[in-house]
Chemist: 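Handing you this structure, nothing more for now.
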Amino acid sequence: MAGGFSVARYAPERGSWAKLTARDSLARRLDWPLLGAALALSFLGGLLVWSATRNRDHLTQGDPYFFLLRHALNTGIGVALMIGTIWLGHRTLRGAVPVLYGISVLLVLAVLTPLGTTVNGAHAWIKLPAGFSIQPSEFTKITIILVMAMLLAARVDAGDQAYPDHRTVAKALALAAIPMGVVMLMPDLGSVMVMAVIVLGVLLASGASNRWVFGLLGTGAAGAMAVWQLGLLDDYQIARFAAFANPALDPAGVGYNTNQARIAIGSGGLTGTGLFQGTQTTGQFVPEQQTDFVFTVAGEELGFLGAGLIIVLLGVVLWRACRIARETTELYGTVVAAGIIAWFAFQSFENIGMTLGIMPVAGLPLPFVSYGGSSMFAVWVAIGLLQSIRVQRPMSA
């Protein structure tokens with residue numbers, strides 16, 4: 001009707017909104033608690049990194065916002081990588097796993113060439129132009145999960161067998177052992193520990209025979225004893241284990257980091273001293289506080305409640321990941337999710353545990369919270385894989 005109000009012109013908008021909120025839409029299929037918890041952890045991490053570095057002129061070159069801005073940039077790039085992973089889909093990436101695995105092996109091998117550089121005693125980095133660097137072992141965690149999941153789930157998802165056979169398991173373990181062996185040569189013992197836990201998590205989720213799991217546990221224990229007895233560890237790694245076994249050992253030397261970490265966390269009490277008000281943090285008593293020991297900032301300045309909030313948010317990430325692993329109808333998705341769960345759970349426990357003195361110092365970042373580009377990119381790609389598994393599952397699942 002001419003000159004009158006017509007609802008027809010608004011139909012496209014109404015249709016677009018209906019499409020956006022439809023039951024099978026991307027927005028409805030995403031796991032929003034998982035995404036929200038990961039974003040909250042990265043946001044809290046930015047505040048903690050800022051507090052830990054704003055007064056450290058030797059690190060910031062006089063710019064108190066240096067690490068805050070870089071942490072925000074790393075998070076932004078990580079979220080973009082998550083979006084790209086969801087867009088590609090874990091099933092599409094499944095076809096590219098051999099290429100991704102080959103690239104990751106080449107990158108960790110490159111660390112052992114003149115391209116590699118040493119940071120905090122570990123020769124685990126590749127120096128890039130403009131002052132940037134990457135740690136290939138962080139991305140190797142993802143490719144180990146993907147390549148093992150691809151092999152272990154191939155015949156099961158095709159309906160040819162109920163569980164992975166022994167030959168398939170042996171191939172998967174061999175492919176995982178190659179990059180793990182290279183990373184051990186760096187040496188980056190912390191990353192190898194995470195990878196070993198990932199392998200165990202993947203095997204358990206795949207339904208492989210328990211004989212493989214018990215065999216790996218026994219082999220790992222024997223291997224650890226052999227490495228110790230043969231003196232294959234570097235001096236700084238031996239010192240870390242010695243300090244863990246005896247906290248009173250050399251408190252001004254090898255035990256300094258853990259002692260100062262416990263003092264910082266203990267001084268926070270229930271509610272903390274307040275952001276930017278921690279004496280241990282502002283006094284720069286805790287080394288590497290923006291990376292390995294970032295949890296000490298939370299313990300001191302945000303107290304038990306703030307540190308507990310970080311643990312709760314990590315728990316939400318693990319809970320939602322477990323739900324995604326349980327609800328998917330394909331073994332490939334279940335195994336990928338299980339590998340990520342094992343990775344996040346062990347690395348979080350190790351990082352927080354070493355600040356409390358219940359785990360040895362292993363140089364592992366706290367997922368989403370610690371400063372570091374490679375670790376941030378890797379964990380957000382993992383979130384993208386989890387979201388893709390959820391998005392692409394049948395609605396009846």
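We number each residue from 1, following the sequence as shown. Only heavy atoms go into these numbers, but all of them, side chains included; no hydrogens, no water, no symmetry mates.
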Chemist: Do Leu112 and Leu185 come close enough that some side-chain heavy atom pair is under 4.5 Å?
Modeler: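 A side-chain contact exists here, since the closest heavy-atom pair is under 4.5 Å.
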Chemist: When rounded to the nearest 0.5 angstrom, what is the spacing between CD1 in Ile198 and CZ in Phe344?
Modeler: 9.5 Å
Chemist: With respect to Leu41, which candidate in Thr75, Leu309, Leu313 satisfies the side-chain contact (heavy atoms from CB on, under 4.5 Å) definition?
Modeler: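 With Leu41 as partner, side-chain contact (heavy atoms from CB on, under 4.5 Å) holds for just one option, Leu313.
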Chemist: From the options Tyr371, Tyr65, Phe66, select the one residue that forms a ring-ring contact (aromatic ring centres under 6.0 Å, His included) with Trp50.
Modeler: Tyr65
Chemist: Indicate the atoms forming the closest heavy-atom contact of Asp292 with Met354, along with that distance.
Modeler: O-CE, 3.2 Å
Chemist: Enter the distance from Leu302:CG to Leu270:CG here, rounded to the nearest 0.5 Å.
Modeler: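 Between atom CG of Leu302 and atom CG of Leu270 there are 12.0 Å.
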Chemist: Find out whether Leu175 and Tyr101 are in side-chain contact, i.e. whether some heavy atom of one side chain is under 4.5 Å from a heavy atom of the other.
Modeler: yes
Chemist: Run the salt bridge (Lys or Arg N to Asp or Glu O under 4.0 Å) test against Arg94 and tell me which residues pass, sequence neighbours left out.
Modeler: Asp157
Chemist: Given the rule that I, L, V, M, F, W and Y join up when any side-chain heavy atoms are under 4.5 Å apart, are Ile263 and Phe295 in one cluster?
Modeler: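 No.
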Chemist: Does Ile86 offer a backbone N or O that forms a donor-acceptor pair with the side chain of Ser388 under 3.5 Å?
Modeler: no
Chemist: So, does Ser51 use its side chain to make a donor-acceptor pair with the main chain of Leu47 at under 3.5 Å?
Modeler: no
Chemist: Between Leu318 and Ala345, which heavy-atom pair has the shortest distance, and what is it?
Modeler: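 So the two residues come closest at CD2-N, 3.8 Å.
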Chemist: Is any side-chain heavy atom of Ser42 closer than 4.5 Å to a side-chain heavy atom of Val369?
Modeler: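 Side-chain contact under 4.5 Å: no.
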Chemist: What are the two closest heavy atoms between Glu301 and Phe276, and how far apart are they?
Modeler: OE1-N, 3.0 Å
Chemist: Do you know the tightest heavy-atom contact between Ala325 and Thr334?
Modeler: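 Taking Ala325 first and Thr334 second, the nearest heavy atoms are O-OG1, 3.2 Å.
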Chemist: Can you find a pair of side-chain heavy atoms, one from Asn55 and one from Pro64, that are under 4.5 Å apart?
Modeler: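 Heavy-atom side-chain distance check fails, nothing below 4.5 Å.
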Chemist: Distance from Leu107 atom CG to Glu138 atom CD, nearest 0.5 Å?
Modeler: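 If I round to the nearest 0.5 Å, the distance is 13.0 Å.
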Chemist: Looking at Arg155 and Asp165, is any side-chain nitrogen of the basic one under 4.0 Å from a carboxylate oxygen of the acidic one?
Modeler: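 Yes.
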Chemist: Would Leu59 and Gln290 satisfy side-chain contact (heavy atoms from CB on, under 4.5 Å), going step by step from the backbone distance to the final call?
Modeler: CA-CA 11 Å; Leu59 295 176; Gln290 75 276 15; 4.0 Å; yes
Chemist: Might you work through the side-chain contact (heavy atoms from CB on, under 4.5 Å) test for Met186 and Ser191, ending with a clear yes or no?
Modeler: CA-CA 10 Å; Met186 293 178 182; Ser191 293; over 6 Å; no
Chemist: Phe368 and Phe43: aromatic ring centres closer than 6.0 Å?
Modeler: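 No; Phe43 has its ring centre 6.0 Å or more from that of Phe368.
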Chemist: Looking at Glu300 and Gly272, would you say the former's side chain and the latter's main chain have a donor-acceptor pair under 3.5 Å?
Modeler: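 It does not hold such a pair.
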Chemist: First locate atom CD1 of Ile352, then atom CZ of Phe293, and finally report the distance between them rounded to the nearest 0.5 Å.
Modeler: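 Rounded to the nearest 0.5 Å, the CD1-CZ separation comes out at 13.0 Å.
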Chemist: Heavy atoms, side chains only, cut-off 4.5 Å: are Ile142 and Leu100 in contact?
Modeler: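 Not in contact.
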Chemist: What are the two closest non-hydrogen atoms of Arg29 and Arg390, and how far apart are they?
Modeler: O-NE, 2.6 Å
Chemist: Does Trp212 form a side chain to side chain donor-acceptor pair (under 3.5 Å) with His166? I'd like the steps, not just the answer.
Modeler: CA-CA 9 Å; Trp212 284 103; His166 293 301; 2.8 Å; yes
Chemist: Could you give me the CA-CA distance, side-chain angles and deciding distance for His90 and Glu330, then say whether side chain to side chain donor-acceptor pair (under 3.5 Å) is met?
Modeler: CA-CA 12 Å; His90 70 288; Glu330 57 180 6; 2.6 Å; yes
Chemist: Considering only heavy atoms from C-beta outward, does the side chain of Leu146 approach that of Tyr332 to under 4.5 Å?
Modeler: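 Yes. Closest side-chain heavy atoms under 4.5 Å.
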Chemist: What distance do Ile383 atom CD1 and Met82 atom CE have between them, rounded to the nearest 0.5 Å?
Modeler: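 Going from CD1 on Ile383 over to CE on Met82, the span is 8.0 Å.
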Chemist: Taking all non-hydrogen atoms of both residues, which atom of Phe377 and which atom of Gly78 are closest, and how far apart?
Modeler: CD2-N, 4.1 Å
Chemist: Is the shortest heavy-atom distance from the side chain of Gln347 to the side chain of Pro365 under 4.5 Å?
Modeler: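 Contact flag for Gln347/Pro365 side chains = yes.
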Chemist: Would a single hydrophobic cluster contain both Leu106 and Val108, if residues Ile, Leu, Val, Met, Phe, Trp and Tyr are joined by side-chain heavy-atom contacts under 4.5 Å?
Modeler: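 Shared cluster, no.
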Chemist: Testing Val147, Thr140, Ile145 one by one against Thr143 for a side-chain contact (heavy atoms from CB on, under 4.5 Å), which residue passes?
Modeler: Thr140
Chemist: Under the criterion side-chain contact (heavy atoms from CB on, under 4.5 Å), I'd like the reasoning laid out for Leu34 against Ile324: C-alpha separation, chi angles, the key distance, then a yes or no.
Modeler: CA-CA 10 Å; Leu34 172 65; Ile324 290 170; 4.0 Å; yes
Chemist: Tell me whether Val97 shares a hydrophobic cluster with Leu331, the cluster being built from Ile, Leu, Val, Met, Phe, Trp, Tyr side chains joined at under 4.5 Å.
Modeler: yes
Chemist: Checking side chain to side chain donor-acceptor pair (under 3.5 Å) between Thr296 and each of Glu288, Gln280, Gln289, which is the one that passes?
Modeler: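 Between Thr296 and the candidates, side chain to side chain donor-acceptor pair (under 3.5 Å) is satisfied uniquely by Gln289.
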Chemist: Is any side-chain heavy atom of Ile134 less than 4.5 Å from a side-chain heavy atom of Ser374?
Modeler: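 A side-chain contact under 4.5 Å exists here.
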Chemist: Hey, any chance Trp319 and Leu314 share a hydrophobic cluster, counting ILVMFWY side chains that come within less than 4.5 Å of each other, even indirectly?
Modeler: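 No, Trp319 does not connect to Leu314 through the hydrophobic network.
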Chemist: Go through the steps to decide whether Met195 and Ser137 satisfy the test side-chain contact (heavy atoms from CB on, under 4.5 Å), and finish with yes or no.
Modeler: CA-CA 9 Å; Met195 293 174 190; Ser137 58; 4.1 Å; yes
Chemist: Rounded at 0.5 Å granularity, tell me how far CZ in Phe67 sits from OG1 in Thr60.
Modeler: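 The distance works out to 7.5 Å.
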Chemist: Do Phe304 and Leu44 share a hydrophobic cluster (ILVMFWY, side-chain heavy atoms under 4.5 Å, transitive)?
Modeler: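 Not linked; separate clusters.
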